[in-house]
There are 2 protein chains.
Amino acid sequence: MQKLTAAEENYLKAIYRLLEEDLEKVSTNEIAALIQTKAASVSDMLRKLAEKGLIDYKKYRGVSLTEPGRKMALHIIRRNRLWEVFLVEKLKFSWDEIGNIAEELEHVNAPLLVRRLDEYLGFPKFDPHGDPIPDEFGELSSKPRVHLEALSPGQAAKIVAVNNSSAAFLKYLDKVGIYIGARVIVLDQIEFDGSLELLIDGQKTLHVSREVSANILVMLQPS
Amino acid sequence: MQKLTAAEENYLKAIYRLLEEDLEKVSTNEIAALIQTKAASVSDMLRKLAEKGLIDYKKYRGVSLTEPGRKMALHIIRRNRLWEVFLVEKLKFSWDEIGNIAEELEHVNAPLLVRRLDEYLGFPKFDPHGDPIPDEFGELSSKPRVHLEALSPGQAAKIVAVNNSSAAFLKYLDKVGIYIGARVIVLDQIEFDGSLELLIDGQKTLHVSREVSANILVMLQPS
DNA sequence: TCGTATTTTTAGCCGCATCTAAAATTATTT
DNA sequence: AAATAATTTTAGATGCGGCTAAAAATACGA
């Protein structure tokens with residue numbers, strides 16, 4: 001496992017995240033937008049990561065991760081998510097405060113530290129946003145998940161993750177009572193704007209816009 | 001509180017540590033030796049820290065900390081020692097494994113994180129080596145401490161800190177049964193080499209060289 | 001005290017990660 | 001398909017933190 005700089009780690013993580021949504025390839029501009037830098041800087045870094053064998057890169061044609069690159073990205077994401085669990089579970093941060101801090105902590109690369117932290121936290125499988133934590137071999141235990149917006153009236157599901165970590169979004173969710181683990185049934189879908197009428201935990205009903213439902217991930221429930 | 005780079009923080013910490021032993025001024029070479037770099041690099045950094053008002057620096061004449069510099073150094077040391085407590089108390093590291101890891105963690109500068117960590121650890125006053133943890137205003141609660149080598153036969157003391165964090169030294173202490181908090185009485189001093197005959201916790205006797213006793217700090221006991 | 005040794009600083013270089021401006025390539029429109 | 005637009009890469013700069021080699025200042029010994 002080669003030693004990477006914090007910047008290299010951030011690029012790998014960004015490429016991984018974009019590949020999750022985007023299909024095959026990620027473009028220079030997409031990366032630049034995500035990590036708030038300029039396309040020229042991205043080009044430089046892509047050349048370097050390609051030399052190290054972490055990405056597949058053809059000029060002007062976008063990038064994808066090689067298998068070593070994917071493993072590295074998952075290691076970084078593992079560290080990030082374990083620290084997020086620590087911050088919320090142990091230090092009592094709320095889930096909208098932890099982003100920046102976890103992003104600094106994730107770059108502390110000491111394998112023994114990560115293992116001990118994992119153990120101390122009780123080998124958590126999901127972070128506070130509901131995203132799965134890769135194991136120490138860089139593998140994800142993936143269960144099928146789907147965007148809430150894709151459900152049709154009558155379908156039931158459990159909220160397992162959110163797709164957007166902006167403080168504004170997380171605060172909104174808190175306010176309206178949506179949380180990881182909540183059970184939700186789609187009562188109705190408004191054709192005009194794609195918004196949804198939901199029943200949360202069998203109790204309260206809630207109307208959410210398509211922007212919101214597109215950023216919530218759920219696991220379908222057997223009924 | 002200005003934002004410093006990790007390198008700047010390391011220099012401040014090194015200068016603080018050297019000022020603790022050394023009297024008035026610290027020399028360029030001393031700093032270079034401590035942080036394993038070249039004198040030329042130290043000169044450059046001193047110029048920069050002086051510009052920022054963190055050190056008093058006259059060319060060729062050595063440096064000392066300004067009051068803001070001292071405060072900053074103590075903040076950095078506070079972060080370092082809180083993480084050391086975390087690693088030992090919570091993650092079950094032994095005190096000879098934590099040096100490098102704490103030195104990476106200490107550079108994560110998020111004031112809220114440090115406060116929450118402090119609270120989570122129960123506001124510890126000393127780190128696992130027995131060194132005092134500065135408060136969040138950059139002040140040390142100092143109790144008078146003295147080197148074990150300075151004691152005379154008959155005097156009693158409690159071991160409160162060690163002065164040397166090399167793994168070899170810490171392992172030696174573990175092996176012979178010296179630990180922070182142990183009570184010690186000096187039974188005899190060998191004039192020839194300055195070594196000491198000790199009684200540990202009123203139970204076992206132990207012979208330690210001057211090299212060892214010079215690196216152990218104690219608080220004198222009322223007798 | 002004078003000359004030598006040591007310490008410290010300066011000068012000039014390198015790699016990293018960023019930037020702007022300009023050039024090259026690819027995509028789109030008419 | 002040619003012209004224009006958008007994207008991406010290259011060229012050349014900057015600041016940081018390190019280095020070596022050489023110059024400057026200080027300290028020391030005969």
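In what follows, every chain begins at residue 1, and chains take the letters A, B, ... in the order their sequences are listed.
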Charged N to carboxylate O under 4.0 angstrom, Arg70(A) versus Glu139(A)?
yes

Separation of dT7(C) atom P from Glu30(B) atom CD, nearest Å, is 11 Å

Across the strands shown, which category fits Ala7(B) at heavy-atom distances under 4.0 angstrom: base, sugar-phosphate, nothing? sugar-phosphate

- Message: What I want to find out is whether Asp135(B) reaches Arg78(B) closely enough, with some N-O distance under 4.0 Å, to be called a salt bridge.
- Response: no

In whole angstroms, the gap separating C1' of dT8(D) from NZ of Lys58(A) amounts to 16 Å

| Would you say dT8(C) has OP1 or OP2 under 4.0 Å from some side-chain N or O of Ser27(B)? | yes

With a 4.0 Å cut-off on N to O distance, would you call Glu106(A) and Arg81(A) a salt bridge? no

Aromatic ring proximity, centroids under 6.0 angstrom, Phe86(B) and Phe86(A): yes

Taken to the nearest whole Å, OH/Tyr60(B) to C1'/dA25(D) is 5 Å

With a 4.0 Å limit, can you tell me whether Tyr11(A) has a side-chain N or O closer than that to the phosphate oxygens OP1/OP2 of dC16(C)? no

Atom CZ of Arg47(B) and atom C1' of dG15(D) are separated, to the nearest Å, by 12 Å

Whichever of Thr5(A) and Lys38(A) has the more 5' nearest nucleotide on DNA chain C, that residue is Thr5(A)

Side-chain ion pair, Lys52(A) and Glu8(A), N-O less than 4.0 Å: yes

Rounded to whole Å, CD1 of Ile31(B) lies from C1' of dG18(D) at a distance of 16 Å

Taking dT18(C), dA11(C), dT8(C) as options, the one with an atom nearest any side-chain atom of Ser43(B) is dT8(C)

- Task: Just call it for Ser41(A): base, sugar-phosphate, or nothing, with non-hydrogen atoms closer than 4.0 Å on any strand.
- Result: base

Here the distance between atom C1' of dT7(D) and atom NZ of Lys25(A), to the nearest Å, is 16 Å

Whole-Å distance, Met45(A) CE to dC16(C) C1', equals 8 Å

Using OP1 and OP2 only, check whether a side-chain N or O of Thr37(A) sits under 4.0 Å from dC19(C). yes

Per atom distances to the Lys59(B) side chain, the nearest of dC19(C), dG18(D), dT10(C) is dT10(C)

Rounded to whole Å, the CZ-C1' distance (Arg61(A) to dT9(D)) equals 13 Å

Should Asn29(B) be listed as having a side-chain N or O under 4.0 Å from OP1 or OP2 of dT8(C)? yes

